[in-house]
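Both counts, for ligands and for their atoms, begin at 1 and track the order of listing. It should be emphasised that the depicted structure is a prediction, and the values quoted were computed from it without experimental measurement.
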Amino acid sequence: LKQFACGAVVPGCAAVLTAPDEDGILAQVAEHARDAHGIASPPPELVAQVRARITDVT
Ligand SMILES: [Zn+2]
């Protein structure tokens, strides 16, 4: 299981997303970014930051 804390990229955001794999995380991030942060399409730099901060959880 993978986990991503949005606060690692967006200071102050308490959202923590989990998914079975990295693609699932990125899909959830895209949805969360749009709904919570008004980012319609995350730029590649943001996606790279997200990828770098995805962690494994058991
Ligand atoms: Zn967020």
Side-chain angles (χ1 to χ4, degrees):
L1 195 67
K2 303 282 189 184
Q3 185 176 80
F4 169 71
C6 188
V9 174
V10 182
C13 183
V16 177
L17 312 173
T18 57
D21 55 30
E22 194 171 296
D23 284 346
I25 292 281
L26 292 174
Q28 289 195 33
V29 167
E31 192 173 328
H32 171 77
R34 187 187 63 227
D35 294 347
H37 302 297
I39 301 170
S41 179
E45 313 87 76
L46 183 58
V47 174
Q49 286 187 34
V50 170
R51 279 187 187 277
R53 288 170 176 78
I54 292 174
T55 57
D56 286 301
V57 289
T58 52

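- Atom CZ of Arg34 and atom CD1 of Ile39 lie 11.5 Å apart (nearest 0.5 Å).
- Scanning for salt bridge (charged side-chain N to carboxylate O under 4.0 Å, His left out) contacts around Glu31 gives an empty result, with sequence neighbours left out.
- Closest of all the heavy-atom pairs between Ala19 and Gly24 is CB-C, 3.5 Å.
- The tally of protein N/O/S atoms under 2.8 Å from the Zn ion (ligand 1) stands at 4.
- Two residues are said to be in side-chain contact when any heavy atoms from C-beta on lie closer than 4.5 Å; Lys2 and Thr55 fail this criterion.
- To the nearest 0.5 angstrom, Gln28 atom CD is 6.0 Å from Thr18 atom OG1.
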- prompt: Is there a side chain to side chain contact (heavy atoms under 4.5 Å, CB included) between Arg51 and Leu26 once you walk through the steps?
  reply: CA-CA 8 Å; Arg51 279 187 187 277; Leu26 292 174; 3.4 Å; yes
